[in-house]
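Side-chain atoms are counted along with the backbone in the values below, which use heavy atoms only and exclude waters and symmetry mates. Keep in mind it's a predicted model, so treat the numbers as computed, not measured.
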Amino acid sequence: MVNRRPAETAALSVVVRVRPGAGRDRVGGRYEGPHGPALIIAVGAPAVDGKATEAVRRALAGALGVRPAAVTLRLGATSRDKVFTVTTDSDETLARLVALRDGSA
């Protein structure tokens, strides 16, 4: 039997710039927004009744490799500039975020 320390859970703040009504969903790119450097997420959902925000939440979770329940909206419910909180126990999540936002491999 192997004894392992339980992984520590971290909460990351992820700044996002939303492009609703896109032809296809896409996660990647950088936008200098009011909350700092933001990850661009384009979704096909319209910016009506929170549909785009929900689509962005799910797309962000998929791109970072976490469950959608681990991603919650913190700021910007009616804005294109949003801040999400991502709860994770993986060290790779931050690296994925930086790679998606800044284009580094």
Side-chain angles (χ1 to χ4, degrees):
M1 186 164 141
V2 177
N3 289 327
R4 292 186 180 192
R5 268 185 34 200
E8 291 186 31
T9 302
L12 299 175
S13 288
V14 180
V15 180
V16 171
R17 173 67 173 195
V18 178
R19 293 194 176 151
R24 64 183 177 97
D25 292 358
R26 184 179 156 294
V27 178
R30 182 181 178 111
Y31 176 81
E32 295 299 329
H35 303 292
L39 173 65
I40 299 171
I41 301 181
V43 293
V48 177
D49 298 329
K51 291 178 183 177
T53 299
E54 178 60 18
V56 167
R57 188 180 72 82
R58 291 183 174 278
L60 179 60
L64 296 179
V66 299
R67 296 177 310 116
V71 179
T72 56
L73 180 65
R74 194 169 80 205
L75 292 171
T78 60
S79 172
R80 289 180 187 233
D81 298 301
K82 301 181 183 299
V83 179
F84 287 90
T85 299
V86 178
T87 306
T88 182
D89 57 5
S90 172
D91 295 334
E92 295 177 18
T93 306
L94 181 58
R96 285 183 188 177
L97 171 62
V98 172
L100 288 166
R101 186 189 64 205
D102 299 335
S104 58

Beyond-backbone contact of V83 with V16, side-chain heavy atoms, under 4.5 angstrom: no
Minimum heavy-atom separation for T53 and A77, please, with both atom names. OG1-O, 3.7 Å
Specify the closest pair of heavy atoms between D25 and G44, including all atoms of both residues, with the distance to one decimal. OD1-N, 2.9 Å
A52 versus A47, closest heavy-atom pair with distance: CB-CA, 4.0 Å
Would one find more than 12 heavy atoms of other residues, nucleotides or ligands at under 6.0 Å from atom CZ of R96? yes
If hydrophobic clusters are built from ILVMFWY residues whose side chains come within less than 4.5 Å, do V66 and L94 share one? yes
Smallest heavy-atom separation, R30 atom then R101 atom, equals CB-O, 3.2 Å
Answer yes or no: is there a side-chain heavy-atom contact under 4.5 Å between I40 and R19? yes
With a 4.0 Å cut-off, would you call E54 and R57 a salt bridge? yes
What are the two closest non-hydrogen atoms of R26 and G28, and how far apart are they? NH1-O, 2.9 Å
Interatomic distance, CG@L12 vs OG1@T85, rounded to 0.5 Å, equals 9.0 Å
Going from NE2 on H35 to CZ on R17, what distance comes out if it is rounded to the nearest 0.5 angstrom? 10.0 Å
How about T87 and V71: do any of their side-chain heavy atoms sit closer than 4.5 Å? no
Is the shortest side-chain heavy-atom distance between V14 and L60 below 4.5 Å? yes
Could you check whether any side-chain heavy atom of K82 comes within less than 4.5 Å of a side-chain heavy atom of L75, counting everything from C-beta outward? no
List the atom of P68, the atom of A61, and the distance in Å for their closest heavy-atom pair. CA-CB, 3.6 Å
Flag the pair L39 / V15 as yes when at least one side-chain heavy-atom distance between them is below 4.5 Å, and no otherwise. no
With a 4.5 Å cut-off on side-chain heavy atoms, are V27 and I41 touching? yes
